[in-house]
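Note that the structure is a prediction, hence the values are computed from the model and not measured.
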Amino acid sequence: MAEQAEKKYITKEDLSKHNKPGDLWIAIQGKVYDVSDWIKSHPGGEALIVNLAGQDVTDAFIAFHPGTAWHHLNNLFTGYHIGDSEVSEISRDYRRLAAEFRKLGLFEKKEHVTLYTLTFVAVLFAAVLYGVLACTSVFAHQVAAVILGLLWMQSAYIGHDSGHYVIMKNKSYNKFAQLLSGNCLTGISIAWWKWTHNAHHLSCNSLDYDPDVQHIPVFAVSSKFFNSMTSRFYDRKLTFDPLARFLVSYQHFTYYPVMCFGRINLFIQTFLLLFSKREVPDRALNLAGILVFWTWFPLLVSCLPNWPERFFFVLTSFTVTALQHIQFTLNHFAADVYMGPPTGNDWFEKQTAGTLDISCTSYMDWFFGGLQFQLEHHLFPRLPRCHLRKVSPVVQELCKKHNLQYRSLSWWEANVWTIRTLKKAAYQARDAANPVVKNLVWEALNTHG
């Protein structure tokens, strides 16, 4: 009792006042931590902490961090506890479920997915080289282009997995896997991916905080973009001008063609970040990896006999990877959206509302990289993909218990829902009553500050 009396308490209202740069406090399981100085060392980036500062972040902390991270909190403890802390029933169930998964060792049991995928990628790369260098027919070259597109998709899954948890023997090998699968093989910086993807997970489908739904002037999943909102992620205004109105008005027609060239935008985003003034972790390594890609890929294409074949080789490979770009948008474009920053007290609800699963048979899991179980992945981002199908029934039961939607659609249905969402916004964009203002076409690239 004496020990209990010695505890110092503050209220949630007191905590909420510590949400500005230089004064950032968070609460985890009732304890208050000062992360003001430590924020620059946060592996997940500063934005995640800034967006949740002044709140209880227990659920988000459990989702993103391994058990070893808890030991680091002791040095940040302020000595205060939250006196009026309340935990919702759904948060209790979520934390209980995460603890059960941890006891079962699911977060550590990665099976041999990484080995199999890396081997598959190596075989695909050899097949591409053979098709381009050892074959002379146009058909063989096009088959090689298809294989290259498939290689990029599988390599991206390796990069994605290694960005969420350690897939290799240790962190050094894990970083090597990230740079190899991301920068060297796909030409997309793992630093850029971490920067945007962590923000996406935290603020899933927030129109002004989630970069993965901010595609003005090309796409708009909600008419709220017509008010020229400010992107809190890019820290710039997403102006809805006449060009944006025109493009969005036909987005349900341009959706698939744009996806075929979506990879070009990812290349541009990579260069914009790596050559920006932002602090980029391992900038030199990321640049070196990108240099590797822009050495072998142009050289490979140059080995084709003429320019028409080179053009169609690149076009075909990009078109194949469009399947992956489409998959990622299907998981979110037709889901619920909201305005404002993420909050720490409705983690499970926000992830459920902002995601759609894509149903498929188990033998297609390799093709989707496990990410067809999008809700399961968002709730437990550190869970190896080999377990996502296994935990799906448990997640469904939890959603049912708390009257939350668990949406699992076929590939066809997910496409129908997405096109319907884009079409609705397109028709709203054609309404001349919506005001527009001036803007730069450069917004198409979601430029970085």
Side-chain angles (χ1 to χ4, degrees), residues 15-29 31-80 159 162-166 170-172 174-176 178-179 182-183 189-203 206 208-211 230-236 269-290 341-344 381-382 446-449:
L15 176 65
S16 66
K17 297 175 182 177
H18 298 273
N19 64 346
K20 299 176 179 60
D23 182 22
L24 301 170
W25 288 15
I26 58 175
I28 300 174
Q29 290 191 338
K31 289 186 175 183
V32 179
Y33 301 94
D34 185 350
V35 294
S36 306
D37 297 327
W38 181 79
I39 186 173
K40 292 185 177 181
S41 303
H42 185 226
E46 298 183 22
L48 278 70
I49 294 180
V50 171
N51 290 341
L52 285 178
Q55 303 180 59
D56 185 304
V57 301
T58 304
D59 290 347
F61 187 87
I62 290 174
F64 286 111
H65 298 84
T68 54
W70 292 87
H71 303 296
H72 298 292
L73 292 175
N74 294 332
N75 296 328
L76 306 175
F77 183 45
T78 62
Y80 290 107
S162 63
H164 278 297
Y165 53 89
V166 178
N170 55 50
K171 291 184 178 180
S172 297
N174 197 68
K175 181 181 291 187
F176 174 76
Q178 291 175 347
L179 293 170
N183 300 51
S189 169
I190 191 65
W192 171 83
W193 177 87
K194 285 183 177 181
W195 180 51
T196 58
H197 196 67
N198 288 337
H200 160 67
H201 265 268
L202 187 70
S203 54
S206 168
D208 48 341
Y209 281 81
D210 183 357
T230 297
S231 167
R232 302 302 176 184
F233 178 79
Y234 292 112
D235 194 25
R236 61 183 300 114
Q269 295 300 313
T270 286
F271 282 109
L272 287 175
L273 177 64
L274 295 184
F275 288 99
S276 72
K277 296 180 180 179
R278 296 181 184 274
E279 291 187 13
V280 180
D282 300 313
R283 188 193 299 266
L285 287 176
N286 274 267
L287 285 170
I290 295 302
T343 52
R382 293 189 305 104
N446 294 319
T447 53
H448 309 285

**Report entry** Donor-acceptor contact present, side-chain Asn183 to main-chain Ala288, <3.5 Å
**Finding:** no
Query raised in the report: Side chains of Leu15 and Gln55: does their closest heavy-atom pair fall under 4.5 Å?
Result: no
**Report entry** Heavy-atom closest contact (Ala191 atom, Pro281 atom, distance)
**Finding:** CB-O, 4.1 Å
Query raised in the report: With no hydrogens and no angle check, is any side-chain donor or acceptor of Thr230 less than 3.5 Å from a backbone partner on Arg232?
Result: no
Query raised in the report: Do you know the tightest heavy-atom contact between Trp193 and Gly163?
Result: CZ3-CA, 3.5 Å
Query raised in the report: Could you give the distance from CG (Asn19) to CH2 (Trp25), rounded to the nearest 0.5 Å?
Result: 12.5 Å
Query raised in the report: Phe275 and Leu287: side chain to side chain contact (heavy atoms under 4.5 Å, CB included), yes or no, with the steps?
Result: CA-CA 9 Å; Phe275 288 99; Leu287 285 170; 3.8 Å; yes
Query raised in the report: Partners of Asp23 by salt bridge (Lys or Arg N to Asp or Glu O under 4.0 Å), sequence neighbours excluded?
Result: none
Quiz: residues 65-77 side-chain donor-acceptor pairs under 3.5 angstrom, not counting sequence neighbours:
from  : atom 1 : to    : atom 2 : distance (Å)
His65 : ND1    : Phe61 : O      : 3.0

Query raised in the report: Can you tell me how far CG of Asp210 sits from NE2 of His200, rounded to the nearest 0.5 angstrom?
Result: 5.5 Å
**Report entry** Heavy atoms of other groups near Asn170 CG, more than 12 under 6.0 Å
**Finding:** yes
Requested in this report: Could you tell me whether a side-chain N or O of Thr270 sits under 3.5 Å from a main-chain N or O of Ser189, the two making a donor and an acceptor?
Outcome: yes
Query - Pairs flagged by salt bridge (charged side-chain N to carboxylate O under 4.0 Å, His left out) wherever residues 41-58 is involved - sequence neighbours left out - result: none
Requested in this report: Working to the nearest 0.5 Å, report the span between CZ of Arg236 and OG of Ser231.
Outcome: 9.0 Å
Requested in this report: Dump the intermediate steps for ring-ring contact (aromatic ring centres under 6.0 Å, His included) on Phe233 and Trp195, then the final yes or no.
Outcome: CA-CA 10 Å; Phe233 178 79; Trp195 180 51; 4.6 Å; yes
Query raised in the report: Does OH belonging to Tyr165 count more than 12 external heavy atoms closer than 6.0 Å?
Result: yes
**Report entry** Short side-chain to backbone donor-acceptor contact, Arg382 and His164, under 3.5 Å
**Finding:** no
Report task. Describe, in one word, how the ring planes of His197 and His201 are oriented to each other, choosing from parallel (under 30°), tilted (30 to 60°) and perpendicular (over 60°). Result -> perpendicular
Report task. Could you check if a side-chain atom of Asn286 sits within less than 4.5 angstrom of a side-chain atom of Leu179, using non-hydrogen atoms only? Result -> yes
Requested in this report: List the atom of Ala60, the atom of Leu52, and the distance in Å for their closest heavy-atom pair.
Outcome: CB-CD1, 4.0 Å
Requested in this report: Output, in order, the C-alpha distance, side-chain angles, deciding distance and verdict of side chain to side chain contact (heavy atoms under 4.5 Å, CB included) for Leu274 and Trp192.
Outcome: CA-CA 8 Å; Leu274 295 184; Trp192 171 83; over 6 Å; no
Report task. Decide whether Ser172 and Asn174 meet the rule of one side-chain donor and one side-chain acceptor closer than 3.5 Å. Result -> no
Requested in this report: First locate atom CG of Leu202, then atom CG of Leu48, and finally report the distance between them rounded to the nearest 0.5 Å.
Outcome: 4.5 Å
**Report entry** Pairs where residues 32-43 contributes a residue and the test salt bridge (charged side-chain N to carboxylate O under 4.0 Å, His left out) is met, not counting sequence neighbours
**Finding:** none
Query raised in the report: Going through the distances and angles, do Lys171 and Val166 end up as a side chain to side chain contact (heavy atoms under 4.5 Å, CB included)?
Result: CA-CA 6 Å; Lys171 291 184 178 180; Val166 178; 4.2 Å; yes
Query - Thr58 side, atom OG1; Ile28 side, atom CD1 - distance, nearest 0.5 Å - result: 6.0 Å
Query raised in the report: Under 3.5 Å, side chain of Ser203 to main-chain N/O of Pro341, donor-acceptor pair present?
Result: no
Query raised in the report: To the nearest 0.5 Å, what is the distance between CG (Asn51) and OG1 (Thr343)?
Result: 11.0 Å
Report summary line: Residue set satisfying salt bridge (Lys or Arg N to Asp or Glu O under 4.0 Å) with Asp59, at least two apart, ordered chain then number -> Arg95
Query - Expected output: side-chain Ser36 to main-chain Leu24 donor-acceptor under 3.5 Å - result: yes
Query - Contacts of Lys194 that satisfy salt bridge (Lys or Arg N to Asp or Glu O under 4.0 Å) - sequence neighbours left out - result: none
